[in-house]
2 protein chains.
Amino acid sequence: MTGVTTAAAEPGPPAEKPRRARGEQTRQLILETALRLFRERGYAETTMRAIAKEAGVAVGNAYYYFDSKEHLIQGFYDRNQVAHRVAAEQILADEKELAPRLRGVLHAGIDVNAPYHSFAATFFKSAAEPSSPLSPFSRESSPAREAAIAIFRDVVDGSNAKLDPELRKELPELLWLGWMGVILFWVYDKSPDQRRTRRLIDGAVPLIDRLVSLSRLRVLRPALRQVLALIETVRKDD
Amino acid sequence: MTGVTTAAAEPGPPAEKPRRARGEQTRQLILETALRLFRERGYAETTMRAIAKEAGVAVGNAYYYFDSKEHLIQGFYDRNQVAHRVAAEQILADEKELAPRLRGVLHAGIDVNAPYHSFAATFFKSAAEPSSPLSPFSRESSPAREAAIAIFRDVVDGSNAKLDPELRKELPELLWLGWMGVILFWVYDKSPDQRRTRRLIDGAVPLIDRLVSLSRLRVLRPALRQVLALIETVRKDD
DNA sequence: CACATCTCTTGAACATGTTCAAGTTGAGCG
DNA sequence: CGCTCAACTTGAACATGTTCAAGAGATGTG
């Protein structure tokens, strides 16, 4: 009992590796190489051996830093999330009406992802599996998800729209859910330049805007309550 | 030019193999064995070698009848579709109100799939890939999809609900889309016995019922038109 | 029956994601 | 400087989906 034990197992996230400078560099190298090859050849066509060879490391080394081939995608994921945020802020700074704010943010999201449409379609497969860490609903994606919802909170809170306070509270998450739907549609969209997705956005936004306004109408009050109650009910448990 | 050429390459589906009695038998044997093992051990844990061995054939033989491991799932798919139809008819025969008809059909769908929940979650991954023949939107799934939509057409047409004729036309497909959403929710539902999905159904059905009724309201007429126009717009092209 | 042709079957070989026991490197410590 | 230990690296070995050239069996034809 002579040595000073370095701050023993504190509670919290499942024990990250210390990761020194050299390791971090290798990790980045592998990630960069992988994303480049994914873009150049596609996801399925890029083998782990190819990534390792191109990066000049052993294949086992890639597995030291990434649990699996799928985990490499998380990097792509995070990067686009940031890009969307940046693009969104541009728009949100200039516009105060709810509808154009929402429309702008949605189009910006598609803009950011557009270069990766074909590649996204193949990796979407991974994201869809509920147990996958790539799933937008997974615990691992939680930070990225929160960040995405925050964008939509900005859309709502920064607008001059008057709406029911309870609806206001739920709206960001609902809009994010809608955004997931748009992404789903986009992934399946085979029209040139995914213009059907653009039309979907242009058509759906005024509709949402209208519904949100109507939500203050007397006749619709009970329906709104019913919707909010449903959300509440479904959320409980797990 | 003496022989009678057997009816040469007619246009149409991509040339089915003639498939004689022996072949059909082997095909069934492989499919049965595969589905049994999937149920017993799970999809990922069942190897093609195991299926072949258990069925008493060579592994290559399985590939003679099925293009890939994923293609084996189509059998499961078709089977449950039929089961859902049967269960739905039971309910639709007894009930004339729209809401309980819809509610019954949705619960029946979950009932039919419930035994496969854990297994469905893993194979759902395959279905999500747009290019996969298993995707509910794929050309290969077209018959199954049409059959599923037909159930919802029954739900609507057999009910005594009065609704806008244009909405009536679109409603079956919209309900099917909603059903796909329920399935998506169900796949991700980790609550015991997937009771959150049950609650989602019980909560959403009255809401839909209400919205459908409200759709005849004067104030909502323009909104309804807008929804229908959106559907129209998005559908165009491909 | 002999031959041709098509269906069906085989299993070894291949490609690729993943694991692991063994080694190397380098920072901290006395 | 020499020791220790954790971080890092290696590449062969493994598991499993898939392919394919070769053959066996059945069916029709002259």
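All values reported here derive from a predicted model rather than from experimental measurement. All values below come from the heavy atoms of this structure, side chains included, with hydrogens, waters and symmetry mates left out. Every chain is numbered from 1, with letters handed out A, B, ... down the list of sequences.
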NZ or CZ of A:K69 within 45° of A:Y43 ring axis and under 6.0 Å = yes

Mutual orientation of the aromatic rings belonging to A:F152 and A:W179 [parallel < 30°, tilted 30-60°, perpendicular > 60°] = tilted

Separation of atom CD in A:E24 from atom P in D:dT9, rounded to whole Å | 11 Å

Is the charged tip of A:R27 near the ring of A:F66: under 6.0 Å from the six-membered ring centre and within 45° of its axis?
-> yes

Among the nucleotides D:dG17, C:dG17, C:dT10, which one has an atom lying closest to any side-chain atom of B:M48?
-> D:dG17

For the residue pair A:H84 and A:D111, confirm or rule out a side-chain donor-acceptor distance under 3.5 Å.
-> no

Distance below 4.0 Å between B:Y63 side-chain N/O and D:dC20 OP1 or OP2 = no

Mind calculating the distance between NZ (A:K69) and P (C:dT19) to the nearest angstrom?
-> 15 Å

Length of the line joining A:I51:CD1 and C:dT16:C1', which is rounded to integer Å | 12 Å

Quick one: label B:V59 by what it contacts on the DNA or RNA (base, sugar-phosphate, nothing), any heavy atom closer than 4.0 Å.
-> base

Mind calculating the distance between CZ (A:F66) and C1' (C:dT19) to the nearest angstrom?
-> 18 Å

To the nearest Å, how far apart are A:R49 CZ and D:dA12 C1'?
-> 10 Å

side-chain N/O B:T26 vs C:dT9 OP1/OP2, d < 4.0 Å | yes

Interatomic distance, A:Y64 OH vs D:dG11 C1' [rounded to whole Å] | 17 Å

Please give, in whole Å, the distance from C:dT18 P to A:N61 CG?
-> 15 Å

